[in-house]
Participant: 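Next up is a structure, given as structure tokens.
Just follow the structure's listing: the first ligand is 1, and inside any ligand the first atom is 1. Fair warning: this is a prediction, and the values are worked out from it, not measured in the lab. All residue numbers refer to positions in the sequence shown, counting from 1.
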Amino acid sequence: MSAPQVGVHESRTDAYLALLVNNSSSDNNISTSSRTVREVSYQDWGRSANFTRAQGAERLDYRLFVSDDETEHPTAHIVAQIGTDGTEGVPGFVHGGLTSTLADTAMGNLAWHAGYKAFTANLNVDFRAPLSPPACVVVDAKIEKTEGRKVYLSADVFEVQEMQDGTLARSNDVVAEATSLFIVMDKAKETAVTTPDTAPQNGASTPRVTNDDIRDHTSTCVASVRETLFSPGWSTIEKDYLKTVWAST
Ligand SMILES: CCCCCCCCCCCCCCCC(=O)SCCNC(=O)CCNC(=O)[C@H](O)C(C)(C)COP(=O)(O)OP(=O)(O)OC[C@H]1O[C@@H](n2cnc3c(N)ncnc32)[C@H](O)[C@@H]1OP(=O)(O)O
């Protein structure tokens with residue numbers, strides 16, 4: 001397979017995947033050294049308004065894979081393109097919350113696809129190296145152990161880098177290491193949660209909240225918080241305040 005050439009603005013996700021895809025396979029399975037993993041389409045989730053899928057490719061685009069073999073220790077993998085639009089925390093660097101979200105997403109999906117209808121109860125992330133957008137990362141998630149309703153998982157995030165010859169390779173240096181505890185829903189409380197497959201289908205479409213609704217609601221919320229919490233002398237942070245701080249560091 002010839003190595004894909006990648007420009008700065010092209011999707012490294014697809015280019016990196018092209019390096020991994022097993023050409024003999026008719027669908028988008030990828031092979032790792034130890035197992036074959038199957039791509040999970042977002043469409044498979046049915047009814048879901050997913051946070052990580054809401055902003056489009058300019059901000060974040062990713063592909064998700066889970067191992068199909070029913071071993072005791074399945075894995076999940078994300079290959080993600082982090083864009084430049086709304087992805088920064090410290091200027092010039094990817095927000096740690098985004099990196100954490102990708103790790104949480106890989107671990108959460110792994111838990112669900114392994115049959116655990118579970119919620120994140122605890123998430124720990126060690127950030128080992130900064131990332132600058134645009135960036136392409138790979139997340140490897142695995143189940144460490146289970147104890148009753150508790151599912152312990154871990155995820156490592158690696159950057160995919162462009163080599164001098166234009167090929168893409170996964171760095172061996174970890175960007176972030178995450179561990180988590182997911183708790184399987186209590187049977188007694190499960191009926192209160194609607195999964196995509198069991199969401200009520202009463203014929204009526206769910207009313208969607210528009211951006212205008214959110215803006216209106218935010219204004220009302222801010223106004224009431226100001227009245228009850230803000231001291232009269234307080235002012236809002238000047239727009240350029242952070243720029244000034246940044247320039248002086
Ligand atoms: C074909 C269809 C495909 C569908 C495909 C779907 C795809 C789906 C993709 C999902 C991808 C999601 C990726 C993002 C995942 C989120 O974002 S989940 C959202 C964020 N998390 C939450 O909202 C959870 C909020 N917290 C809660 O609801 C509750 O605290 C929990 C976690 C459910 C636990 O409550 P609970 O069931 O009442 O648990 P409780 O009985 O108190 O405790 C059980 C045990 O856990 C321990 N425990 C509980 N919390 C903690 C904690 N934080 N730390 C340590 N121990 C704890 C307790 O000590 C207890 O231990 P034991 O005494 O049994 O030894």
Participant: Taking L181 as the fixed residue, which of V151, N124, N122, L123 is the one that meets the side-chain contact (heavy atoms from CB on, under 4.5 Å) rule?
Facilitator: N122
Participant: Is there a donor-acceptor pair under 3.5 Å between the side chain of S171 and the backbone N or O of D173?
Facilitator: yes
Participant: So, regarding G108 and ligand 1 (criterion: nitrogen or oxygen to nitrogen or oxygen, under 3.5 Å), is there a contact or not?
Facilitator: no
Participant: State whether the shortest distance between N or O atoms of T105 and N or O atoms of ligand 1 falls below 3.5 angstrom.
Facilitator: no
Participant: In terms of side-chain heavy atoms, does T52 have a donor or acceptor partner in Y62 at a distance below 3.5 Å?
Facilitator: yes
Participant: Given 3.5 Å as the limit, does a donor-acceptor pair link the side chain of N109 with the main chain of T105, or not?
Facilitator: yes
Participant: With heavy atoms of D104 as the reference, note each atom of ligand 1 found under 4.0 Å away.
Facilitator: 13 (C), 14 (C), 15 (C), 17 (O)
Participant: Heavy-atom contacts with L181 under 4.0 Å: which atoms of ligand 1 show up? List them by number with element.
Facilitator: 54 (N), 55 (C), 56 (N), 57 (C)
Participant: Nearest non-hydrogen atom to atom 34 (C) of ligand 1 belongs to which of L123, L110, I183?
Facilitator: I183
Participant: Which of the atoms in ligand 1, numbered in the order shown and given with their element, are less than 4.0 Å from a heavy-atom of N109?
Facilitator: 7 (C), 9 (C), 11 (C)
Participant: Linking I/L/V/M/F/W/Y whenever their side-chain heavy atoms sit closer than 4.5 Å, directly or via other members, would M107 and F127 fall into one cluster?
Facilitator: yes
Participant: Test of understanding: given a 4.0 Å heavy-atom threshold, classify the contact between R149 and ligand 1 as side chain, backbone, both, or neither.
Facilitator: side chain
Participant: Counting heavy atoms only, which of D186, T101, T120 is nearest atom 15 (C) of ligand 1?
Facilitator: T120
Participant: Please could you name the atoms of ligand 1 that K150 approaches to less than 4.0 Å, counting only its heavy atoms?
Facilitator: 45 (C), 46 (O), 47 (C), 61 (O), 62 (P), 65 (O)
Participant: List the atom pairs, with distances to 0.1 Å, where a side-chain N or O of residues 85-94 and a protein N or O form a donor-acceptor pair under 3.5 Å, not counting sequence neighbours.
Facilitator:
from: T87; atom 1: OG1; to: G83; atom 2: O; distance (Å): 2.7
from: E88; atom 1: OE2; to: G92; atom 2: N; distance (Å): 3.1

Participant: Report the member of S180, A111, A121 with the shortest heavy-atom distance to atom 52 (C) of ligand 1.
Facilitator: A121
Participant: Ion pair present between D140 and R170, side-chain N to carboxylate O less than 4.0 angstrom?
Facilitator: yes
